[in-house]
Amino acid sequence: MIMNGKFGKYGGIFVPELLIPALEELENAFLKYKDDNKFNKELEFYLKEFAGRPTGLYLAKNISKKLGCKIYLKREDMLHTGAHKINNTLGQGLLAKYMGKDRIIAETGAGQHGIATAAVGAMLDIPVEVYMGSEDVDRQRLNVFRMEISGANVIPVENGACTLKDAINQAFRDWITNVENTHYLIGSTMGPHPYPTMVKHFQTIIGKECRKQILELENKLPDAVIACVGGGSNSIGIFSEFISDKNVELIGVEGGGDGIASGRHGATLSAGSEGILHGSLSYVLQDNDGQIAEAHSLSAGLDYPGVGPEQSHLKTTGRAKYEPITDSEALRGFNLLSRYEGIMPALESSHAVAFAEKYSSVPENKGKTIIINLSGRGDKDMFLAAKLLGVKV
Amino acid sequence: MSLENSSLESYSEMFKRASKKFEGVFVPFVVAGDPDFDTSLAIVKELVKNGADALEIGFAFSDPIADGPTVQEANLRALNSGINIDKNFEFIKKIREFTSIPVGILIYYNLIYQRGIDLFYQQASENGINSILSADLPPEEASEVVKVAKKYGVNQIFLAAQTTTNERLKVISEFSSGFTYLVSVMGVTGARNEVKNSTVDLIKRLRKHNDLPLLVGFGISHPNHVKEVIEAGAEGAIVGSALIEIISQNLNDKERMLQKIGENTLKLKEATKNCL
């Protein structure tokens, strides 16, 4: 490997020997094409014409008034396939094409990354197979159909808890077996090097646009940037361009599930400890021996017992803060934005909205300028939201 | 029981013992605590009684990404039966009551990391473990581990595969001691129908870049496979999934399970003979 893929002490390449050459090949290709004019022109074209970039930075005036802060929403929810995931799938999909890979595999929890990968696979004409925990397949029938109609083959994973973690395990096993012709398109800033660095690179466009937009609108930087954290790709994407601005507070919001005390949550950074999962050293939810625990969150995108290594670095250096938001608080965030702004956020992003409300209620934060990364839209969650709110659809 | 002052056999002594008899070595792999602590121990007794030259013992992990369904299920059965790290060490200690042949463990790195590298290797050494192979720890991340392994006299084992370049084979050779574990297939663990030609090529390539004895594993399931890889120049073979399948197919009849394990071990060991 050319880089060591570490963020402070976190990250690395904790994978079986069989994958090392594939990671080396991927790192090589990434380093070569990330500065390649032709590659970047093509990616820019697809980001604009296929995915719908740039996304707006929208002043949410009603909740701003209600909460006593100036609240902007970075509208990643407006992107094709419904979330920021497409930024990364386009980047990696194109990279796979340039590398001459004729097969793409991906993992998915709720289905958002799977749908984005299926769409890019259809567009680039590369076959896609998506590993999805059988529990999630049952919970997200509609998304399975969306992937399948775009030509992807969805493979239900029956191991372990049958959710995202197990889908990732199975995708790794597939990659180990078919490493020569297959690209594993990981959906977040996690996994072994070069994934955390590469996925960040493709998601940095959120922060780049956002920084320019807020400077145009406000002529100053925001006081705080708030984003939800599952694996960490939307938050790293927006944080990355503000990390060196020490006066900008960076706040990652984790899936607090039933509350930290209940033990049923996905708040890896708030309540986990250092460990190795899926190829890198980071924070994980685990027992004393190091057996990985199951995460719990109503939002499938935050329902993961690990987190990207750079997030662990930002936490331990104190550059970013991480806060859990419970399922019921998130549902309140979902309602808040829907009711006052006419924007239905994904349940993942609803966690960031809910925390923004909490943040605004602190007296010394009154009047501050806040950016929420609205990473995805809530269409996919409407049935679940209705059920949780006791509404028959 | 520390390795330095014990009567435990080392890998080099084992390889010498086998080569004197013009035999390859046969190393079975099972997961400690599969399907439960006592049955698992009885299984290991059968393995030793029927000719295992050394043992590879898996410490169960919740997320074994290098393993196919057979070993995954074995991990799960062991965890569900209540195995943990302390009990794993106790399991090895019990094995040491009836055999002195080399005992290696196969583990995922998080289990070592959580205990603390130094303490884990100290306990490994105290309980009579000869070697540790961490499936998700390539040489790039292993410098601390290799140092600690030396300190406690434990052999650190690394994997080599078809995709491993010559440069990496040299690094792996420098970092390893005891033997090198050669992965015979591109894929996860699991029984297969044949040994690929590429495995034979790899054995030959490895010979040029690696002075350590070679044990071939992943997908070696039949006595013919064992014979084939030894004839191709490896010192021996590791068989896991094919034995573990006997466990999973006979969960309701432990007597039959032990008998079948014994019979198969005998056949697999027999295949290491007269193939030089």
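Remember, predicted model here, so these are calculated numbers, not experimental data. Just so we're on the same page: letters track the sequence lines, and every chain starts at 1.
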Can you check whether H183(A) reaches L26(A) side chain to side chain, under 4.5 Å on heavy atoms? yes
What part of L76(B) gets within 4.5 angstrom of chain A, counting heavy atoms only: side chain, backbone, both, or neither? neither
Between chain A and chain B, are any donor-acceptor pairs under 3.5 Å, and how far apart is each one to 0.1 Å?
from    : atom 1 : to      : atom 2 : distance (Å)
K6(A)   : NZ     : E141(B) : OE1    : 3.0
I13(A)  : N      : E141(B) : OE2    : 2.7
V15(A)  : N      : D136(B) : O      : 3.4
E17(A)  : OE1    : R168(B) : NH2    : 2.9
E17(A)  : OE2    : T164(B) : OG1    : 3.3
E17(A)  : OE2    : R168(B) : NE     : 2.9
E17(A)  : OE2    : R168(B) : NH2    : 3.3
N159(A) : ND2    : Q72(B)  : OE1    : 2.6
K165(A) : NZ     : D63(B)  : OD1    : 3.0
K165(A) : NZ     : D63(B)  : OD2    : 2.8
N169(A) : ND2    : D63(B)  : OD2    : 2.9
R173(A) : NE     : P64(B)  : O      : 3.3
R173(A) : NE     : D67(B)  : O      : 2.8
R173(A) : NH1    : Q72(B)  : OE1    : 3.4
R173(A) : NH2    : P64(B)  : O      : 2.8
E274(A) : O      : Q114(B) : NE2    : 2.7
E274(A) : OE1    : Y113(B) : OH     : 3.1
I276(A) : N      : N110(B) : OD1    : 2.8
Q286(A) : OE1    : N110(B) : ND2    : 2.9
Q286(A) : OE1    : Q114(B) : NE2    : 3.1
D289(A) : OD2    : I85(B)  : N      : 2.8
G290(A) : O      : N110(B) : ND2    : 2.8
Q291(A) : OE1    : S62(B)  : N      : 2.8
Q291(A) : NE2    : A60(B)  : O      : 3.0
I292(A) : N      : S62(B)  : OG     : 2.8

Centre-to-centre under 6.0 Å for F218(B) and F29(B), is that the case here? no
Would V229(B) and I203(B) count as a side-chain contact (heavy atoms from CB on, under 4.5 Å) here? Give the steps. CA-CA 8 Å; V229(B) 297; I203(B) 292 169; 4.2 Å; yes
Can you tell which part of I13(A) gets under 4.5 Å to a heavy atom of chain B, answering side chain, backbone, both or neither? both
Taking every non-hydrogen atom, the tightest pair across V15(A) and G279(A): CG1-CA, 4.1 Å
Under 6.0 Å between the ring centres of F89(B) and F59(B)? yes
L133(B) side chain reached by I107(B) side chain, heavy atoms, under 4.5 Å: no
Heavy-atom pair with the smallest gap, counting every atom of I83(B) and A60(B): CG2-CB, 4.2 Å
Between I176(A) and V188(B), what is the shortest heavy-atom contact and its length? CG2-N, 4.2 Å
Option that, when pairs with chain A are counted at under 4.5 Å, heavy atom only, ranks first among P64(B), A161(B), A66(B), A160(B): P64(B)
Applying a strict 4.5 Å limit to non-hydrogen atoms, the region of L281(A) in contact with chain B is side chain
Measuring heavy-atom distances to chain A, does I112(B) have an atom under 4.5 Å in its side chain, in its backbone, in both, or in neither? neither
